[in-house]
Amino acid sequence: MSLDHEAIYKAYSGTVVSIDDTAGAFDKDGKSVTLEQSKIDAARVTLNAEAAAIAYKGQRKAEYPTIEDQLDDIYHNGIDAWKATIKVTKDKYPKP
């Protein structure tokens, strides 16, 4: 059996301090903690959403032209041309 350690630690924050894939989860006193799959699943959804938000920000930000280039584009080509350039990145990385 392979447990989702990260989701268990999130779901049982402050309670579970160790996890063994074969024996289960344990508190600070070494007592077994009964795990509820629904809590673990909810924690996994939250963790996945947090990871997606981080990836979204990093990828999207990395693909934008520099501020200097954007201002230069606005100066030489106008706001509408700049909006078209930026829209390509926004469409590629929609907000999660």
Side-chain angles (χ1 to χ4, degrees):
M1 169 181 16
S2 180
L3 300 174
D4 186 346
H5 293 226
E6 189 179 20
I8 292 169
Y9 283 126
K10 181 154 186 79
Y12 292 91
S13 177
T15 303
V16 171
V17 297
S18 68
I19 302 169
D20 181 297
D21 283 337
T22 57
F26 301 91
D27 66 12
K28 64 180 175 65
D29 297 321
K31 295 180 182 174
S32 181
V33 175
T34 302
L35 302 176
E36 292 178 39
Q37 191 61 48
S38 61
K39 284 185 178 181
I40 298 167
D41 293 343
R44 173 49 52 204
V45 168
T46 301
L47 289 167
N48 289 347
E50 290 169 354
I54 291 167
Y56 156 78
K57 286 180 183 179
Q59 291 168 337
R60 190 173 184 181
K61 184 177 180 178
E63 290 210 21
Y64 280 129
T66 65
I67 294 296
E68 292 84 2
D69 289 343
Q70 289 183 51
L71 290 172
D72 194 51
D73 189 24
I74 292 169
Y75 179 81
H76 291 289
N77 304 310
I79 292 287
D80 290 335
W82 169 78
K83 285 181 180 180
T85 301
I86 296 304
K87 187 172 183 337
V88 171
T89 303
K90 288 186 176 288
D91 289 346
K92 186 174 180 181
Y93 298 103
K95 290 186 178 181

**Request:** Check whether any side-chain heavy atom of Ile40 lies under 4.5 Å from a side-chain heavy atom of Gln37, and answer yes or no.
**Result:**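 Yes, side chains in contact.
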**Item:** Side chains of Tyr9 and Val16 in contact at under 4.5 Å (non-hydrogen atoms)
**Value:** yes
**Prompt:** Do you know the tightest heavy-atom contact between Ala25 and Ile8?
**Reply:** CB-CG2, 4.4 Å
**Item:** Distance-minimising heavy-atom pair for Ala43 and Ala7
**Value:**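 Heavy-atom minimum between the residues: CB-O, 3.3 Å.
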List in chain and number order the residues that pass side chain to side chain contact (heavy atoms under 4.5 Å, CB included) with [X], two or more places apart in sequence or in another chain; answer none if no residue qualifies.
{"X": "Glu36", "answer": "Tyr12, Ser38, Lys39"}
{"X": "Gln70", "answer": "Tyr64, Pro65, Ile67, Trp82, Ile86"}
{"X": "Lys61", "answer": "none"}

**Message:** Quick check: is Phe26 connected to Leu35 through a chain of hydrophobic side chains (ILVMFWY, heavy atoms under 4.5 Å apart)?
**Reply:**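 Leu35 does not cluster with Phe26.
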**Request:** Output all residues satisfying side chain to side chain donor-acceptor pair (under 3.5 Å) with Asp27, sequence neighbours left out; order by chain, then residue number.
**Result:**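 Not a single residue meets the side chain to side chain donor-acceptor pair (under 3.5 Å) criterion with Asp27.
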**Request:** Just grab all the salt bridge (Lys or Arg N to Asp or Glu O under 4.0 Å) pairs involving residues 80-92, residues at least two apart or on different chains.
**Result:** Glu63-Lys92, Lys87-Asp91
**Pairs meeting criterion salt bridge (Lys or Arg N to Asp or Glu O under 4.0 Å) with involvement of residues 40-55, two or more places apart** =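 Only Asp4-Arg44, Glu6-Arg44, Lys10-Glu50 qualify under salt bridge (Lys or Arg N to Asp or Glu O under 4.0 Å).
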**Request:** Output the distance between atom CG (Asp69) and atom OG1 (Thr85), rounded to the nearest 0.5 Å.
**Result:**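 Here the rounded value is 10.5 Å.
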**Item:** Approximate separation, where rounding is to 0.5 Å, of Lys31 NZ and Thr15 OG1
**Value:**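 Those atoms lie 13.0 Å apart.
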